[in-house]
Amino acid sequence: DAKTTQPPSMDCAEGRAANLPCNHSTISGNEYVYWYRQIHSQGPQYIIHGLKNNETNEMASLIITEDRKSSTLILPHATLRDTAVYYCIVRPPDNYGQNFVFGPGTRLSVLP
Amino acid sequence: NAGVTQTPKFQVLKTGQSMTLQCAQDMNHNSMYWYRQDPGMGLRLIYYSASEGTTDKGEVPNGYNVSRLNKREFSLRLESAAPSQTSVYFCASAGTIVYNEQFFGPGTRLTVL
């Protein structure tokens, strides 16, 4: 069963912020939200993860709503190289294999 | 650091043939994973190894076997390939127990005729 819902595709103008939403209304209290992306034909790349606080790293920011039922990945200044499929995943910690499910994701197209 | 490496990059098999996909990581990670990705789909976990000496089934293990040869290497074997196993296979490793951020290899593109 899919634990997250993402729009199948989005467009973003180059240089603008890309805001990718994810719904995870059945998230459990100990489950983290992870984001990965997959650039065409390459292996997925880890972006960021969080539990309930907003997180930021050199690649992106993760905003998690207070009720934790949804989150948004923000790429602050999208470039053409950010064109990829973005995956939102929820999973508990200390769990090596089960429930780490990559769904169909959101295909982000950054347009010149 | 090469990260996660996979061999071969491409392979074509006939139905019934066997082969082993190799994966190695040089990040001293404890856990390793094998996924498959069919066209237009997300990744599905085949097998994983939480640590050297242990392996467990994932979501789609049928038709596959794995070996955690040592801490660095985790191989995936198809004993009798079927056309349904045509896919891209990704190996991944993770170093932290709690957060499990996974680092992926470049993939092996397998076609079974």
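Order of the sequence lines sets the chain letters (A, B, ...), proteins ahead of strands, with each chain counted from 1. FYI, side chains are in, hydrogens and waters are out, and symmetry mates aren't considered; it's all heavy atoms of this structure.
- Connection of A/Tyr32 to B/Leu45 is established within a shared hydrophobic cluster, with ILVMFWY side chains joined at heavy-atom distances below 4.5 Å, either directly or through further cluster members.
- When each of B/Phe90, B/Phe104, B/Phe103 is scored by its heavy-atom pairs under 4.5 Å with chain A, the top score falls to B/Phe104.
- Interface remark: B/Glu59 contributes no atoms to any contact with chain A (heavy atom separation under 4.5 Å).
- Legend: residues meeting side-chain hydrogen bond (donor to acceptor under 3.5 Å, both in side chains) with A/Asn30, ordered by chain and number and at least two apart, are absent.
- When hydrophobic clusters are built by joining Ile, Leu, Val, Met, Phe, Trp and Tyr residues whose side-chain heavy atoms come closer than 4.5 Å, directly or via intermediates, B/Leu110 is not grouped with B/Leu43.
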Distance-only donor-acceptor hits, side chain of residues 58-65 of chain A, under 3.5 Å, sequence neighbours excluded:
| unit_1 | atom_1 | unit_2 | atom_2 | d |
| --- | --- | --- | --- | --- |
| A/Ser61 | OG | A/Thr56 | OG1 | 3.0 |
| A/Thr65 | OG1 | A/Asp67 | OD1 | 2.8 |
| A/Thr65 | OG1 | A/Arg68 | N | 3.4 |
| A/Thr65 | OG1 | A/Lys69 | N | 3.4 |
| A/Thr65 | OG1 | A/Ser70 | N | 3.3 |
| A/Thr65 | OG1 | A/Ser70 | O | 3.1 |

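- Follow the hydrophobic side-chain contacts under 4.5 Å out from B/Tyr33 and you never reach B/Leu78; the two are in separate clusters.
- More than 12 heavy atoms of other shown residues, nucleotides or ligands fall within 6.0 angstrom of atom CZ in B/Arg77.
- A donor-acceptor pair is defined here as one N or O able to donate and one able to accept, closer than 3.5 Å; such a pair exists between the side chain of A/Tyr36 and the backbone of B/Gln102.
- Remark: A/Asn57 pairs with no residue by the side-chain hydrogen bond (donor to acceptor under 3.5 Å, both in side chains) rule, at least two apart or across chains.
- Residues of residues 37-47 of chain A lying under 4.5 angstrom from chain B, judged on non-hydrogen atoms, are A/Gln38, A/Ser41, A/Gln42, A/Gly43, A/Pro44, A/Tyr46 in numerical order.
- With a threshold of 4.5 angstrom between heavy atoms, B/Arg44 does not approach chain A through any atom at all.
- A/Leu108 and A/Ile74 are not part of a single hydrophobic cluster, where members link through side-chain heavy atoms under 4.5 Å apart.
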